[in-house]
Amino acid sequence: MDSIGPIPLHVGLIMDGNGRWAEQRGKPRLYGHRRGAENVRRIVTHAQSLGIRFLTLYAFSLENNQRPAAEVNGLLSLFELYARRWLSQLLEQGIRIHLIGDVEALRPSTARALRKLEDETQKGEQMTVILAANYGGRDEVLRAMRRFWQSGATKGPSRWEDFEKFLDTAGIPDPDLILRSSGEMRLSHFLPLQSVYSELYFPSVLWPDFSERDLDEAVAVYRRRRRRFGRLGGREMSE
Ligand code: IPE
Ligand code: IPE
Ligand code: MG
């Protein structure tokens with residue numbers, strides 16, 4: 001029998017399918033977003049109980065700004081509401097929030113609410129939840145380039161490690177597993193530089209229905225994968 005590998009240290013989660021979930025029920029898309037937002041806490045709690053130390057949640061892409069204003073504003077209002085409701089639980093669970101993306105370009109009330117969540121949870125040591133809000137990977141590269149030159153560098157970086165520390169994800173290990181609900185098989189601008197050796201998994205369940213069992217299944221699938229990182233040999237090479 002094939003051996004089973006370790007659980008993933010970092011999982012990336014593309015929470016997709018809220019709109020379709022609502023449409024299937026004859027409801028407005030925002031109803032799906034609300035149910036999707038309600039699902040976040042239980043999945044984060046379950047990820048923590050599995051021992052996942054880093055969980056990145058794709059909450060809002062840069063391109064999502066191009067949706068109708070009513071949907072964008074509705075989503076941002078949900079972020080503000082759930083950021084407030086989530087705080088005490090995060091503190092209790094020892095979870096630190098880290099934001100990636102162009103958060104300051106969101107409307108001020110949303111940027112404030114998200115930064116507050118980040119600031120107030122800084123002491124959490126049990127788990128890091130990375131919220132990708134107004135995030136796009138190419139945009140992150142441009143930000144990293146600006147930071148690199150602002151750091152006083154006089155020549156370009158020659159090693160990846162010298163550049164990586166200017167990314168929004170500085171200090172966070174690359175995702176071992178990226179999963180996207182709703183069956184779409186694409187990354188949609190999510191962590192393009194960090195996902196180079198991530199295992200990908202695309203369950204068809206829509207995000208509001210994504211359950212603890214679906215996360216268990218994703219982790220089980222991941223543990224049976226053989227990662228090689230361009231080398232030869234078995235799983236032992238990745239540990
Ligand atoms: C994911 O659900 C949430 C965000 C993109 C903010 P969608 O809104 O993309 O749902 P579908 O893909 O239309 O079903
Ligand atoms: C990706 O989903 C963004 C989030 C889940 C936040 P989208 O629904 O925006 O992606 P596309 O448009 O189907 O590629
Ligand atoms: Mg979608």
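Each ligand, and each atom within it, is numbered from 1 in the order the structure gives.
In plain terms, the two heavy atoms of Leu206 and Arg20 that are nearest each other are CD1-C, 4.1 Å. Residues Leu187 and Ile14 share a closest heavy-atom pair of O-CD1, 3.8 Å.
Atoms of the protein (N, O or S only) found under 2.8 Å from the Mg ion (ligand 3) are Asp16 OD1.
With Tyr31 as reference, Arg34 is the one residue of His33, Arg34, Arg29 to meet the side-chain contact (heavy atoms from CB on, under 4.5 Å) rule.
Heavy-atom proximity to His33, at under 4.0 Å, picks out these atoms of ligand 1: 3 (C), 8 (O).
At a cut-off of 3.5 Å, with distance as the only test, a side-chain donor of His46 or Asp216 sits close to an acceptor on the other residue. For the residue pair Ser77/Arg107, the side-chain donor-acceptor check at 3.5 Å is satisfied.
Ligand 1 does not have Glu23 within reach: every non-hydrogen atom of the residue lies 4.0 Å or more from it.
Note on ring orientation: taking the six-membered ring where Trp is involved, the planes of Phe166 and Phe163 are tilted (angle from 30° to 60°).
For CZ of Arg67, the number of neighbouring non-hydrogen atoms (other residues, nucleotides, ligands) closer than 6.0 Å is greater than 12. By the 6.0 Å contact criterion, CD on Glu161 is enclosed, its count of non-hydrogen atoms from other residues, nucleotides or ligands being greater than 12. In the displayed structure, Arg42 atom CZ is contacted under 6.0 Å by more than 12 heavy atoms of other residues, nucleotides or ligands.
With Tyr82 as the aromatic partner, Arg85 meets the cation-pi criteria of under 6.0 angstrom to the ring centre and within 45 degrees of the ring axis.
At a 4.0 Å heavy-atom cut-off, the residues surrounding ligand 2 are Ile14, Met15, Asp16, Tyr58, Ala59, Phe60, Asn64, Arg67, Arg180, Arg186, Ser188, listed by chain and number.
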